[in-house]
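Comments concern the structure below.
Along the sequence shown, the residues carry numbers beginning at 1.
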Amino acid sequence: MTEEKTGRKKGRDRRFLRALLCALSVFCIVTAKPAPAHAGFAVSGLCAVIPPNPLLSCEKIIEKIIGKEISDILTKPASLACGAAGGGPASKACDKITKNMGNYKPCTDCACQGEAEAVPGTKKFIHEQHLETRKHIEEEFDDMEEWLLSEVVPTGLDDIPGKGVFWEYIYEPLMRATHQLTTVAMHQMVMVGAFLDAKQQLEVQRMFHELAARAHKDYRPSMTMCMFGTNIRSLAGAERRVDITTAALGRWAQHRHLGTANASAAEGPGTDQRNRLSQFRDRYCDVHDNNNGYMLLCGGGSASSLTVNKDIDFARTTGMGSYTLTLNLDFTDGALTDDEQDVIALASNLYDHNVFFRIPETNFDQDINKQYFLDVRSIAAKRSVAEHSYFSVAGLKSLGQDTTEAAETPQYMRLLLEAIGTDPLDIPRILGGLGDGGTPNDNRPSYYAQMEILTKKIFQNPNFYADMYESPANTARRKVALQAISLMQDFDTLQSHLRTEVMLSVILEMELIKIQRSVQNRINGLISQGRARL
């Protein structure tokens, strides 16, 4: 053993003795009986901290732990104890104790609370011993580490440098055990991860299957939805035709009222009535009317049964009294059809039957004639409001769009009408009416005909309600389609209400004119009598 180690060992012996004294002081604190009055070191001063216990004594505890000789040294005055010790281990211990006794002041007995200097010295001693103990423990751990790593050498391995007991039998086995435990733990985590992956995979597969099943259920083709989509393709074009026909008829009526050049009534009521009478004789005359009194007027015979009296029959002319949903009205092709003649003839009889006399241009030199001219235009404006309702009805039944895509729509509409039990011979008349010569014109159904099927005829088929059980998604889609069609129908109804309100406002204005003239006449009478002034 080297000198450094020898010095460390001696230091440990001194610290051991000091720790022993500290431990004995603690035993004195918890003893049942106070320490003897002649205790010659500061430990006895601690006995006064805790009340005494009559069952045990400080001397007996010390004697039982460290033997009789050391006990005598610690429990008797130093001079007596050291003299009795003689030689041997007890004498050596006594010498060490005597050497260190100069640092402490003895108490006269264990109940020395009155000595103010004893207790602080004892506390200082205990604190110093605690510090020494901590330092000693740290050194011992360092020595233990050094011993394990370098000094312990197994039998037969002295010639192998760096291979001690710790390395051979502790470090390397622990390292291998750690490696094995880590491998096993990672293998276990792989299994746990596999379970988690399988769980996630199964959940994702189940979600895909659910989505696929939902897609098969929700996106299954629906014949009803196809029916809506097919029969609505030409509806927008037909609606545009309504506006064009209504505007064309309004323009014709305006030319007739104002006597525009090249119009049928350009020269005044005489020419207009002669032209209309000639048309009546050729197209609308019925010899049986007026108690068979139209023989001379009709020229010996009635007109065709398809057109007789259509110039005064609103229901037949507009198709309201029959199943005709489309009239052969198209004012953009430059050709005059039978239905166009009938609509215009009825308008001539309903509105402005007697047109105004055309005012000569020379009469406009006088201001009063100019006022009459403005009155004529005012009457024409009011009449145009009433005419607009009639022209709108005719426009709703005008021919639809003339395109290839629009021509395919009637084919599916025929199937819808056949499904609800309509006679196949009546279907062309319902969709397109009869054109010139009684030929069905069913390849361009009107806006009115298409809306009639989409808002009425389609719901007369029981299969429509049976298809409602197909799937909730398709049912919701049908609901949206029906809402869209309902909005279009509501807009058409709104347009009708607006036309009614406009006509009522014109009627109200005309009644107010009568009252205004009556009041104005009374005022003029009072002025002429001198009873009022302007």
Side-chain angles (χ1 to χ4, degrees), residues 242-280 311-312 314 318 331 340-341 343-395 494-534:
V242 173
D243 299 333
I244 294 175
T245 301
T246 303
L249 288 172
R251 186 68 176 273
W252 165 82
Q254 187 180 80
H255 291 333
R256 179 171 178 270
H257 300 325
L258 300 180
T260 305
N262 300 321
S264 60
E267 297 180 0
T271 305
D272 177 67
Q273 291 179 2
R274 283 194 301 271
N275 293 334
R276 288 163 56 197
L277 187 59
S278 174
Q279 184 186 40
F280 168 76
D311 63 331
I312 59 174
F314 177 81
T318 59
F331 293 97
E340 292 173 355
Q341 296 183 57
V343 169
I344 292 175
L346 179 60
S348 299
N349 288 330
L350 289 175
Y351 311 101
D352 201 8
H353 172 66
N354 293 316
V355 297
F356 290 105
F357 286 97
R358 307 310 172 195
I359 303 175
E361 186 177 358
T362 56
N363 291 349
F364 293 119
D365 295 338
Q366 300 178 5
D367 293 337
I368 189 172
N369 292 335
K370 295 179 181 179
Q371 181 63 39
Y372 292 153
F373 176 72
L374 294 178
D375 292 339
V376 170
R377 295 185 66 86
S378 176
I379 295 173
K382 293 179 177 66
R383 187 181 289 117
S384 67
V385 175
E387 290 175 332
H388 181 68
S389 294
Y390 170 69
F391 295 152
S392 296
V393 172
L494 175 63
Q495 295 293 330
S496 178
H497 288 320
L498 292 177
R499 290 192 295 267
T500 303
E501 291 180 2
V502 172
M503 286 191 293
L504 290 176
S505 65
V506 172
I507 295 174
L508 178 61
E509 176 67 20
M510 295 176 67
E511 294 298 326
L512 290 176
I513 290 176
K514 295 179 182 179
I515 299 175
Q516 181 182 3
R517 289 178 177 176
S518 176
V519 173
Q520 186 66 40
N521 292 334
R522 291 175 62 186
I523 294 175
N524 293 336
L526 294 174
I527 294 174
S528 64
Q529 296 175 8
R531 299 171 58 185
R533 296 181 181 180
L534 292 177

Would you find a donor on one side and an acceptor on the other, under 3.5 Å apart, between the side chain of [X] and the backbone of [Y]?
X    : Y    : answer
N349 : D311 : yes
S348 : I344 : yes
S278 : R274 : no

Quick one: are [X] and [Y] in side-chain contact, heavy atoms under 4.5 Å?
X    : Y    : result
I379 : F356 : yes
Y390 : L249 : no
I244 : F331 : no

Donor-acceptor list for residues 498-510 side chains, cut-off 3.5 Å, not counting sequence neighbours:
unit_1 : atom_1 : unit_2 : atom_2 : d
T500   : OG1    : S496   : O      : 3.0
S505   : OG     : E501   : O      : 3.4
S505   : OG     : V502   : O      : 2.5

For a quick test of your reading: what N or O donor-acceptor pairs under 3.5 Å do the side chains of residues 251-265 make, sequence neighbours left out?
unit_1 : atom_1 : unit_2 : atom_2 : d
R251   : NE     : H255   : NE2    : 3.3
H255   : ND1    : T260   : OG1    : 3.2
R256   : NE     : D272   : OD1    : 3.4
R256   : NH1    : Y351   : O      : 3.1
R256   : NH1    : D352   : O      : 3.0
R256   : NH2    : D272   : OD2    : 3.1
R256   : NH2    : D352   : O      : 2.9
H257   : ND1    : D352   : OD2    : 2.8
H257   : NE2    : E387   : OE1    : 3.2
H257   : NE2    : E387   : OE2    : 2.7

Show the nearest heavy-atom pair for residues G525 and S528, with the distance to one decimal.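 Heavy atoms only, the tightest pair is O-OG, 2.7 Å.
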With no hydrogens and no angle check, just 3.5 Å: does a side-chain donor-acceptor pair link N275 and Q279?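 Judged by distance alone, the side chains do not pair up.
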Regarding S378 and K382, is there a side-chain donor-to-acceptor distance under 3.5 Å anywhere?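 Yes, side-chain donor-acceptor contact under 3.5 Å.
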Residues that F357 engages under ring pair (Phe, Tyr, Trp, His ring centres under 6.0 Å), provided they are two or more places apart: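 Per chain and number, F357 pairs via ring pair (Phe, Tyr, Trp, His ring centres under 6.0 Å) with no residue.
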Go through the structure and list residues passing side chain to side chain donor-acceptor pair (under 3.5 Å) with [X], not counting sequence neighbours.
X    : result
K370 : none
E511 : none
E267 : T271

Nearest 0.5 Å, what's the CG-OG distance between D243 and S392?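 Between atom CG of D243 and atom OG of S392 there are 9.0 Å.
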